[in-house]
Amino acid sequence: MTTKRRFIGLAGSLALLAVTVQAHAEGVVLKALMEDVPETQIIEGMLPEFEKQTGIKVEFEKIGYADMHDKLVSQLIAPKSYYNLLEVDFLWAGEFPAAGWLTDLQPLAKKSSFDMGAFIPSTVDLLGNSSKGLYAVPMYNYSMGLIYRKDLLQDAKLGAAYQQANGTALKAPATLDEYVQLSKFMKQHANIAGAAMQGQRGDPNSMEFSNYLFAAGGAYQDASGKVTLDNAAGKKALDLYLDNIKNGAQTGALSATLDDTQRLMCSGQAFSFVTYWWMLPQLDNAEKCPSVAGKLALATMPGGHGESGGWGWGIPKNISSEEQQAAWTFIQWVQSKPVVAARALLGHAPVRADAYQDPAVLAKYPYYKVAADVVASGKSFPIFPYSAQYEDVLGTQLSMAAGGQVTADVALKDAADGLTKLLKK
Amino acid sequence: MLADSVKVPNSCLRQSDETTPQPRQRRWRDRFDRQWQTGWAFALPGLLVLAIVMGFPLVYSAVLSFSSYTLMRPHVLPLVGLDNFASVLSDPGFWAATWLTVKYSIITVAGEFVLGLGIALMLNRTLKMRPLYFALLTIPMAMSPVSVALIWRMLLQPNLGIANHLLNQAGLPSIDWLGSAETAFWSMAAIDIWQQMSFVVLILAAGLSALPRDPYEAAEIDGARGWQQFWYITLPMLRPVAAITVVIQLINELRTYDLPYVLTKGGPGTSTEVLSFFAYRRAFLGLSLNEGSAAAFVLLLIILGMTVVFFALLERRRA
Amino acid sequence: MRKFGLHLGLLIACALIILPPLWALRTSLVPESMSYSTDWFPSLTLDNYRSLFERNHFLTYYANSLIVACGSVLLAMPFATATGYAFARFRTGGRLARFVVLATQMLPPVALVLPAFALLRGAGLSNSLTGLVIVYAALNLPFLTWILMGFFEGIPADLEWAAMTDGTSAWGAFWRIVLPISLPGLAAAAVLGFILSWNEFLFALVLSGPSTATIPVALAALQTSNGIQIGKVSAGVVLAIVPLMIGSIFVQRFFVKGLTFGSVK
């Protein structure tokens, strides 16, 4: 604890020092704009080690997600970027390379024989990487799965009521239909919200809906790139989503964000929660959520596929080659096997396949077995330059349909058309 | 009737630009007008600062709105004339957002002004606990719009927040403050009024305190009652300050951005999507700085139009 | 009896206005996990404040905000006062100048922020407090000018005219007669300018660096994709209110009815 505090003091004074150090070009200081979340804090704690090994100082400037994009863009379009190491969200992973702001890491990887095969393939793909270029190295994932109250599934009274109402036993859902049915049942009979849903327009509801889409066997685009959002599977997904948000979700779901649903789940007022799989340790915590600690379980989204998201490391083009080299050294170090294993033991959500099989990690977090499946089976929201805008377009349609402003069919068609239009842009 | 018997000295009344002044006033008006060089000497430094610091961004933004500059293709040329404006104006979402913004601004400004004026009047007549009242009443404006939105989101959280908790304890059902298209608009307006009211109180209290005492003393002698004093003396003398307060608040409300961004992100549906948010979607999310700038300038023209109309109405009434 | 009615009205107004900040104060003193509890004080703690200062370098941001807000007001007021006076008395530039000046205020900040950033970069002032002070001064100049214009227009010109007839220059009349009378207006404008700078977010976000950020930027960082740390946000809000409360107690002394006119007579 004190070492962390000491380090933060050091980082603070380094930040002031860095302004002058930069002018001298004595040694490269890596400056990154990061989100202030546990993942960042875990790495921050290990930075002194990196500095000892390589002599390169690293500074993290922490800011909220919503503002990161705008602040980064203003630096990336300038002649020289202040930030020489980038944390890139998968939603920007289409925009940044298309705008020409990121260095292709392929040559660097080849020269230093960096093994990209160590990463779970879905995490590499969702960052927009392809044979055309490697622009972001996976950092951590936020794939989504289902967290639910296993104690309620084991409740005898509820079991009997369910048997009577639906003719089948009360158990964890295997398909999307079963899940929504279960959610509505819980709302009626267990006196709690069947699902804590994030209905706020934009990122919250479009990410949540993506889970429903993939779980129903739908997809945003087919292999050829044609938009398939409004096919039969898409329709089914939207109907089930709307059904759940109207009949199974908490009051005020249409304005809820992760903050709201997380707190709701923590207070024991919801049966289930489609969310990042690593919310489990945060909720299953006797100190923070005494009402639900020990009663929660994690599962892959019923239907087999959930929405995957993740962050990656990138290197801007508009910096010196020494800075680029220093940034690459850091990326190699922070995503190497031993460092990732150490991060995992502190609660990191790994993107390296071997981290999920590390015995020490599994001993501490047994549910990582399920997590590995969640991450591997996850599918991605369309990644292209206008992903962020599409989130807003889709989110608006979903919100309008959920509020009754338009019918589901119209919303689905407009959402599909919106995607086609943006893809063509 | 009363206006005849209460002779408010002309020199204490605010002079209109448009009414025909009395000979004495015309003389000093001419005198000031003749010294136009002095006027420019006073004004030039400030205008220069504005021109240098704000001029460049303004002009650049204007140029962008005629250009094909996007973050994907960051080149100003070729200029595309009015294409961006056409694209923005032909978007049905734009007109919906415009109507919503105008409606929102009128409601909030009216609410702030009426409540703010009422409080300022009460404040003006007290002496004893004034510092305390003042300190308390100005708290909301010390909070940044983002903070206001976050704190109110906490209060209005539908399942866990204190507002619904209190309602439930009183036997009333919970309200879906921000999650229902109908209530979200009004909740946001109420929160905005709550915050901006203290601005209005501050400026109107200052304005009221700067009013001369003579007309009131004369009115007392003539037997004018409280509300008559208010209607025939206070209001007319307060007019310049009040008018400017309304204009400034109108401009602020038409540009509202932080509140919907944090509270509802323009939702549910499009029930709180104001114009600045629409512009933001184009410029930042859509990476189209050209269209975002065009939308911003259309907003500027709307605001300018409403301001000019408001002033024209005000000056006509004064005659 | 009337006095009682007045005080009652003011008390009700104050109650409605301060209940939300009061709840914020309460939330700042309660552990994060209990922020949404409906009890007043489930458990008291200073952790939120401690964490703000230790982990989020709040003291630096607080100092930056104070420097930038005071600096921009000190910079803007002389210009705004002079220009406002010119608009009010001399009608400099006619209606056109007034509205053009105000027009710079009518553009949403979103449209201005990237060009402003490019401008500061060119001047070598990006990521600096000086740059932010200059930008804020220019940003607030139109509003301040208009407010002061309104106050000046409300002051009858007789006194200045009388002085000028006696041979005083316009500048002398302005300095010795108008300014002392317009103290309420000056105070109100200064407070407004301070508040606008204190609460401004978008320009601070883009134009400042890690060591020059201001309070709104610091508070925005507490909205993480892992949830909103409302306890710390509340603590930050409570701390941010303090300077203005102190300032307003000081400033309201200028708002005593008839103070200025009585003395001038």
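Here is the naming used below: chain letters follow the sequence lines, and residue numbers restart at 1 for every chain.
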With only heavy atoms counted, which part of [X] is less than 4.5 Å from chain B, the side chain, the backbone, both or neither?
X: Ala116(C); answer: both
X: Trp146(C); answer: both
X: Ile147(C); answer: both
X: Phe117(C); answer: neither
X: Leu119(C); answer: both
X: Glu200(C); answer: neither
X: Thr81(C); answer: neither
X: Phe143(C); answer: both

Flag the pair [X] / [Y] as yes when at least one side-chain heavy-atom distance between them is below 4.5 Å, and no otherwise.
X: Leu11(C); Y: Tyr133(B); value: yes
X: Arg255(B); Y: Pro109(C); value: yes
X: Ile228(C); Y: Leu150(B); value: yes
X: Met141(B); Y: Leu192(C); value: no
X: Phe199(B); Y: Ile195(C); value: yes

Examine whether an atom of [X] lies under 4.5 Å from a heavy atom of chain C, and if so say whether it belongs to the side chain, the backbone or both; otherwise answer neither.
X: Ile244(B); result: side chain
X: Val148(B); result: neither
X: Leu238(B); result: neither
X: Trp40(B); result: both
X: Ile251(B); result: side chain
X: Val146(B); result: side chain
X: Leu155(B); result: side chain
X: Phe297(B); result: both

Test side-chain contact (heavy atoms from CB on, under 4.5 Å) applied to Leu125(C) - qualifying residues, sequence neighbours left out: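 Listed in chain order: Leu120(C), Ala123(C), Ser128(C), Thr130(C), Ile134(C).
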I'd like to know whether Met106(C) forms a side chain to side chain contact (heavy atoms under 4.5 Å, CB included) with Thr307(B), so could you lay out the CA-CA distance, the side-chain angles of the two residues, the decisive distance to 0.1 Å, and finally the verdict. CA-CA 10 Å; Met106(C) 298 178 187; Thr307(B) 314; 3.7 Å; yes
Would you mind telling me which of Pro21(C), Ala240(C), Pro216(C) has the largest number of heavy-atom pairs within less than 4.5 Å of chain B?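 If we count pairs closer than 4.5 Å to chain B, Pro21(C) comes out on top.
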Check: Trp171(C) ring centroid to Phe42(B) ring centroid under 6.0 Å: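 Yes, they do, as the ring centres are separated by less than 6.0 Å.
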Let's go through Ile215(C) and Ser144(B) carefully: what are the C-alpha distance in whole Å and the side-chain angles of both, what is the deciding distance for side chain to side chain contact (heavy atoms under 4.5 Å, CB included) to 0.1 Å, and is it a yes or a no? CA-CA 9 Å; Ile215(C) 292 178; Ser144(B) 67; over 6 Å; no
Test Leu50(B) against every option in Val101(C), Thr83(C), Leu139(C), Thr145(C) by the side-chain contact (heavy atoms from CB on, under 4.5 Å) rule and name the one that passes.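 Answer to the side-chain contact (heavy atoms from CB on, under 4.5 Å) test with Leu50(B) among Val101(C), Thr83(C), Leu139(C), Thr145(C): Val101(C).
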Report the distance from atom CE of Met129(B) to atom NE2 of His7(C), rounding to the nearest 0.5 Å.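 Going from the CE atom of Met129(B) to the NE2 atom of His7(C) covers 6.0 Å.
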Could you go step by step and tell me if Leu102(C) and Val247(B) meet the side chain to side chain contact (heavy atoms under 4.5 Å, CB included) rule? CA-CA 10 Å; Leu102(C) 200 56; Val247(B) 168; 3.9 Å; yes
